[in-house]
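Notes follow the structure.
Keep in mind that this is a model prediction, so the values were computed, not measured.
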Amino acid sequence: MSTIQTDFDRIALVSTDGATQNDHYHNFLLRHLPSNCHDVLEIGCGTGGFARLLAKRSQNVLALDMSPEMIRIARECSTEFPNIEFELADVRERVLPMEGFDCIATIATLHHLPIREILLKMKAALRPGGVLLVLDLFEADRNLLRTEGLLDTLGNFLAIPVSVSLRVIHQGRLLPRREVRDAWAEHERHDIYPTMSQVRELCAEILPGARVRKHLLWRYSIIWQKPDREGGR
């Protein structure tokens, strides 16, 4: 059993609603979902919150996660969505159909994986005209800390009260429960994040034309539409 799987099994057991700061960006990602979306893949679905939103806007959703507990809870919470298939799988080993999806989404999962390898795998699995949606976390670039990095850090700290306020509105509490905080803290000891420079370099190489954007709370997004044909969009 991998450390990541162990961590997320523990998180699932103490935080069954799966709520995180990533939830603030769901609507942003959904705005980029292609019209007439038939088949969607989500990598790292957790307890299924975003998969359920995708299922309201598409015909079929395949949602993968390597945590048995996350998949169990996702299935229990999604009985009203027969168009979602939750599958216990490691995307590194799972064979994806070539050009099989109109949209592929992944939230706070890419940094757990070999980023270059998985970007190439997702690119191959997208149909022409399909859209890749990525939300993940980045590490501050030490070379930029004296200028852009300081402004980013200030903005992120100012965003924390907003995040807390949203938690109060949606969950009725200032902070997650102690056991939830402890589970996330243990997991974060193993996390390694790319810098924005690394993300942009990879996208320029693998996903030409991708829109890469920094967000508050140390998040970034990648929005990329696969060309309809070679050399076109």
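In this structure R92 satisfies the salt bridge (charged side-chain N to carboxylate O under 4.0 Å, His left out) test together with D90, sequence neighbours excluded. In this view, S58 satisfies the side chain to side chain donor-acceptor pair (under 3.5 Å) rule with no residue, not counting sequence neighbours. Shown here are the side-chain contact (heavy atoms from CB on, under 4.5 Å) partners of T109, two or more places apart in sequence or in another chain: I43, T106, L113. Qualifying salt bridge (charged side-chain N to carboxylate O under 4.0 Å, His left out) partners for R94, counting only residues two or more places apart in sequence or in other chains: E87. With sequence neighbours excluded, the residues forming a side chain to side chain donor-acceptor pair (under 3.5 Å) with E76 are R72, listed by chain and number. Annotation: ring pair (Phe, Tyr, Trp, His ring centres under 6.0 Å) contacts of F81 (sequence neighbours excluded): none. Remark: D39 engages R127 in a salt bridge (charged side-chain N to carboxylate O under 4.0 Å, His left out) (not counting sequence neighbours). Listed by chain and residue number, F86 satisfy the side-chain contact (heavy atoms from CB on, under 4.5 Å) test with A74 (two or more places apart in sequence, or in another chain). Looking at residues two or more places apart in sequence or on another chain, you find a salt bridge (charged side-chain N to carboxylate O under 4.0 Å, His left out) between E205 and R116. Every residue meeting the side-chain contact (heavy atoms from CB on, under 4.5 Å) condition with P194, not counting sequence neighbours, appears here in chain and number order: H111, I115, Q198, V199, Y220.
M122 places none of its side-chain heavy atoms less than 4.5 Å from the side chain of L41. The side-chain heavy atoms of N83 and Q59, taken from C-beta on, include no pair separated by under 4.5 Å. Taking 4.5 Å as the limit, every side-chain heavy atom of T47 sits out of range of all side-chain heavy atoms of C77. Contact check for E99 versus K226: side-chain heavy atoms found under the 4.5 Å cut-off.
Partner of S221 under the side chain to side chain donor-acceptor pair (under 3.5 Å) criterion, chosen from R213, H215, K214, R211: H215.
For the pair W224 (side chain) and P208 (backbone), a donor-acceptor distance under 3.5 Å is present. Between the side chain of D65 and the main chain of G46, a donor-acceptor pair closer than 3.5 Å is present. Judged by distance alone, the side chain of K121 and the main-chain N or O of V91 form a donor-acceptor pair under 3.5 Å.
Scanning both residues, G129 and D228, for their nearest heavy atoms gives CA-OD1, 3.1 Å. In this structure, Y25 and L135 approach most closely via the heavy-atom pair CB-CD2, 3.7 Å. Across every non-hydrogen atom of I71 and A63, the tightest pair is CD1-O, 4.3 Å. Closest non-hydrogen pair, I84 versus A51, comes out as CD1-O, 3.6 Å. Here the shortest heavy-atom pairing between I104 and A125 reads CD1-CB, 3.8 Å. Between F101 and V40, the closest heavy-atom pair is CD2-C, 3.8 Å.
For the atom pair H112 NE2 and I118 CD1, the distance stands at 13.0 Å (nearest 0.5 Å). In this structure, the separation between CG on L96 and CG on L64 is 7.0 Å, given to the nearest 0.5 Å. A distance of 10.5 Å separates CG of L88 from CD of E69, quoted to the nearest 0.5 Å. Taken to the nearest 0.5 Å, the CG atom of L137 stands 6.0 Å off from the CG atom of N22. Between L133 atom CG and L54 atom CG the span is 8.0 Å, to the nearest 0.5 Å. For the atom pair R52 CZ and R57 CZ, the distance stands at 13.0 Å (nearest 0.5 Å).
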Extract all donor-acceptor atom pairs below 3.5 Å that involve side chains of residues 29-36 and protein atoms in other chains or at least two apart in sequence.
none

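Identified under the ring pair (Phe, Tyr, Trp, His ring centres under 6.0 Å) test for residues 35-67, with sequence neighbours left out: H26-F50.
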